[in-house]
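What follows is a single structure, written as structure tokens, with notes after it.
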Amino acid sequence: MLDIEDYEERGWFADMAAAAGLPHKVAYSTHEVAKATGVSHSAVCRCAAMGDLPSFLPRGMKRGRLITPAMADHWLAGE
């Protein structure tokens with residue numbers, strides 16, 4: 001179990017992603033966030049669309065929103 005010092009250094013999502021077998025990345029897809037958190041993909045997409053889960057669309061793309069570990073941490077913390 002992580003303590004608060006580990007969270008401040010890495011964040012919760014990075015550990016959740018590793019536990020789900022995902023590689024360390026700068027940003028994750030909505031499918032990967034769903035897999036790491038155990039939240040359904042439709043709920044992750046809905047939260048991203050509503051702005052509750054910060055995300056970004058890479059330049060030149062029309063779909064395929066991405067979420068950084070820091071963005072996921074803020075969402076998980078309810079911020």
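Hydrogens, waters and symmetry mates play no part in the numbers below; they use all other heavy atoms, side chains included.
When all heavy atoms are compared, the tightest approach of Glu32 to Leu22 is O-CD1, 3.4 Å. The shortest non-hydrogen separation linking Pro23 to Tyr28 is O-OH, 2.9 Å. For the residue pair Val26 and Pro69, the shortest heavy atom distance occurs at O-CD, 3.2 Å. The two residues Ser40 and Ala34 make their nearest non-hydrogen contact at C-CB, 4.0 Å. Nearest approach of Ala36 to Ala20, heavy atoms of both residues: CA-CB, 3.8 Å. Of all non-hydrogen atoms in Arg65 and Leu57, the two that sit nearest each other are NH1-CB, 3.5 Å.
Among the candidates His41, Arg46, Lys35, the single residue satisfying the side-chain hydrogen bond (donor to acceptor under 3.5 Å, both in side chains) test with Thr30 is His41.
Once rounded to the nearest 0.5 Å, the distance linking CG of Leu76 with CG of Leu53 reads 8.5 Å.
Put simply, the side chain of Thr68 does not reach to within 4.5 Å of the side chain of Phe13, judged on heavy atoms. The closest side-chain heavy-atom distance from Met61 to Leu66 is not below 4.5 Å. Using a 4.5 Å heavy-atom cutoff, the side chains of Trp75 and Thr37 are in contact.
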